[in-house]
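Comments concern the structure below.
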Amino acid sequence: MAQHLLSLWDFSREQLQAYIDLALQLKKESKTGIRHQHLSGRIIGLIFEKPSTRTRVSFEAAMYGLGGQVIYLSSKDTQLARNEPLKDMARVMARYVDGLVVRTFGQEIVDELAGYSSVPVINALTDLHHPCQILSDIMTVIEYRGPIADLKVTWIGDGNNMANSWIQAAGRFGFTLTLACPKGYEPNPKILAEVQQAVPGKIRLVNDPMEGVRDADVINTDVWASMGQEDEADSRLKVFQAFQVNEQLVKAAAKDAIVLHCLPAHREEEITDQVLESAQCVAFDQAENKLHIHKAILASHLG
Ligand code: CP
Ligand code: NVA
């Protein structure tokens, strides 16, 4: 049976750590000119129903970098745009390619594709999760600060897809996670409750960003309006004002705290230009690590 990557919760800590270890090894090797052909003769299909710069390009570069090939399909170019059922699409695509990387809206869409696909389906972002991103983020934290289990991580802002996947990561890796979100914009309650039950006392939800960031080793934020929420952008701008990651907030964290942002960033909204461009911010290393993590994911699932 094909092994899909739909959410982090489907994997053990050891399995998640294995992606990161392989990515670190591939990164080190690529810096010394060592190239692999692990996926020579293999093809992946990318089906993207939302825009993407980093995820699309890093998956494509990862696949080519391992000797494989890519077919990119934006949803409007497929029969999905004319309501062909997903279960038909999945079964057809699986006869042409060795894996599917999918960015879409509902998590149920990737779940359904996976249910019908005989080749691995990789979740490249849904409204509920962004699992591959969190793996490259954790890889970046480990590079800067060592084992993540010993660290205090804070999420500031919207309880969105990124926040949900960070909660699942905390459940698996065992680090302390505080989420500071405005009332009414908290993460998915079912995911939060399930993971809190698995790691009692490790995950806390607060509504005050200053309280959330206290003693944090890692400060993490994301846009206030995610893809698909464009019509809420103005109202969210007002609600989230106090949740900006700025110099004052960063000063309230641990002295050597690092700042994460998965990008794209909206400067002077969720993060100031000053913080994004500061030495404490590792956003561009996170972006690079997407390439290495995606190589590790593709090699593990298709290799
Ligand atoms: N971080 C991230 O997923 O970026 P893209 O939307 O550009 O892929
Ligand atoms: N939460 C953001 C992440 C973008 C990479 C979104 O879904 O738009």
Side-chain angles (χ1 to χ4, degrees), residues 5-8 19 23 44 46-63 70 72-75 100-110 122-141 155-169 179-182 185-188 191 219-237 239-240 243-245 259-267 269-271 276 281-298:
L5 199 173
L6 306 177
S7 88
L8 297 179
Y19 292 121
I44 53 166
L46 262 60
I47 305 173
F48 276 45
E49 300 204 85
K50 290 177 176 175
S52 170
T53 299
R54 280 146 288 269
T55 308
R56 173 185 172 179
V57 177
S58 56
F59 261 114
E60 292 197 12
M63 193 62 188
V70 177
Y72 176 82
L73 295 165
S74 91
S75 60
L100 291 168
V101 177
V102 182
R103 170 168 284 199
T104 187
F105 293 88
Q107 182 74 14
E108 69 281 359
I109 297 175
V110 286
I122 311 291
N123 179 357
L125 181 147
T126 62
D127 294 341
L128 197 66
H129 288 298
H130 198 0
C132 302
Q133 177 71 48
I134 275 63
L135 288 174
S136 44
D137 297 350
I138 291 176
M139 172 181 173
T140 312
V141 173
W155 177 266
I156 304 282
D158 192 20
N160 60 15
N161 42 9
M162 287 284 300
N164 293 331
S165 288
W166 267 99
I167 290 169
Q168 295 191 330
L179 301 116
C181 310
Y185 296 86
E186 289 95 352
N188 181 286
I191 292 171
I219 305 168
N220 205 340
T221 194
D222 186 16
V223 293
W224 289 339
S226 285
M227 289 179 276
Q229 297 173 330
E230 287 77 11
D231 55 354
E232 293 175 38
D234 288 346
S235 58
R236 284 171 171 262
L237 208 54
V239 175
F240 283 83
F243 291 79
Q244 183 185 68
V245 176
V259 178
L260 268 65
H261 193 311
C262 66
L263 303 177
H266 292 156
R267 285 170 165 82
E269 291 186 18
E270 77 276 0
I271 190 164
L276 192 67
C281 183
V282 299
F284 294 94
D285 291 325
Q286 287 174 260
E288 175 183 339
N289 284 339
K290 286 171 74 75
L291 171 66
H292 308 295
I293 274 290
H294 293 164
K295 278 187 182 169
I297 289 170
L298 292 170

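Both backbone and side-chain heavy atoms feed into the values below; hydrogens, waters and symmetry mates do not. Since the structure is predicted, the reported quantities are computational estimates derived from the model, not experimental observations. Counting starts at 1 for both ligands and their atoms, following the listed order.
Residue K290 has at least one heavy-atom neighbour below 4.0 Å for each of these atoms of ligand 1: 1 (N), 2 (C), 3 (O). For ligand 1, the atoms sitting less than 4.0 Å from at least one non-hydrogen atom of R103 are 3 (O), 5 (P), 6 (O), 8 (O), numbered in the order shown with element in parentheses. Taking every non-hydrogen atom of T53 and a distance limit under 4.0 Å, the qualifying atoms of ligand 1 come out as 5 (P), 7 (O), 8 (O). For ligand 1 and Q133, the ligand atoms under 4.0 Å from any heavy atom of the residue are 1 (N), 2 (C), 3 (O).
Proximity of K50 to ligand 1 is not established, as no heavy-atom distance is less than 4.0 Å. Using 4.0 Å as the threshold, L125 has no heavy atom nearer than that to any atom of ligand 1.
Below 3.5 Å of separation, one finds an N or O of C262 facing an N or O of ligand 1. Residue P264 has no nitrogen or oxygen atom sitting less than 3.5 Å from a nitrogen or oxygen atom of ligand 1, judged on distance alone. Looking at ligand 2, you'll find an N or O of S226 within less than 3.5 Å of one of its N or O atoms. Residue-to-ligand polar distances keep K50 apart from ligand 2: every N/O pair is separated by 3.5 Å or more. In terms of polar-atom proximity, N161 is counted as a contact of ligand 2, with an N or O under 3.5 Å from an N or O of the ligand.
For atom 3 (C) of ligand 2, the nearest protein heavy atom (residue, atom name, distance) is D222 OD2, 3.5 Å. Given atom 8 (O) of ligand 2, the protein heavy atom at minimum distance is M227 N, 2.8 Å. Ranking the protein heavy atoms by distance from atom 4 (O) of ligand 1 puts R54 NE, 2.9 Å first.
The side chain to side chain contact (heavy atoms under 4.5 Å, CB included) test with C281 is passed by exactly one of L276, I219, L260: L276.
Looking at S7 and H129, their side chains never bring a donor and an acceptor atom within 3.5 Å of each other. Between the side chains of T140 and N289, at least one donor N or O lies within less than 3.5 Å of an accepting N or O. Using modelled atom types, one finds a donor on one side chain and an acceptor on the other under 3.5 Å when comparing Q107 with T126.
Here L125 has side-chain heavy atoms under 4.0 Å from ligand 2, and that is the only part of it that gets that close.
Summarising the geometry, atom CD1 belonging to I109 is positioned 13.5 Å from atom CZ belonging to R103; distances are rounded to the nearest 0.5 Å.
Ion pairing between D137 and K290 fails under the 4.0 Å rule for side-chain N and carboxylate O.
Proximity of L46 to E60: side-chain heavy atoms (C-beta onward) are separated by under 4.5 Å at one or more points. Counting heavy atoms from C-beta outward, V110 and T104 have side chains that approach closer than 4.5 Å. Taking the side chain as every heavy atom from C-beta outward, I134 and L8 approach each other to under 4.5 Å.
Ring centroid separation for the pair Y185 and F243 does not come in under the 6.0 Å cut-off.
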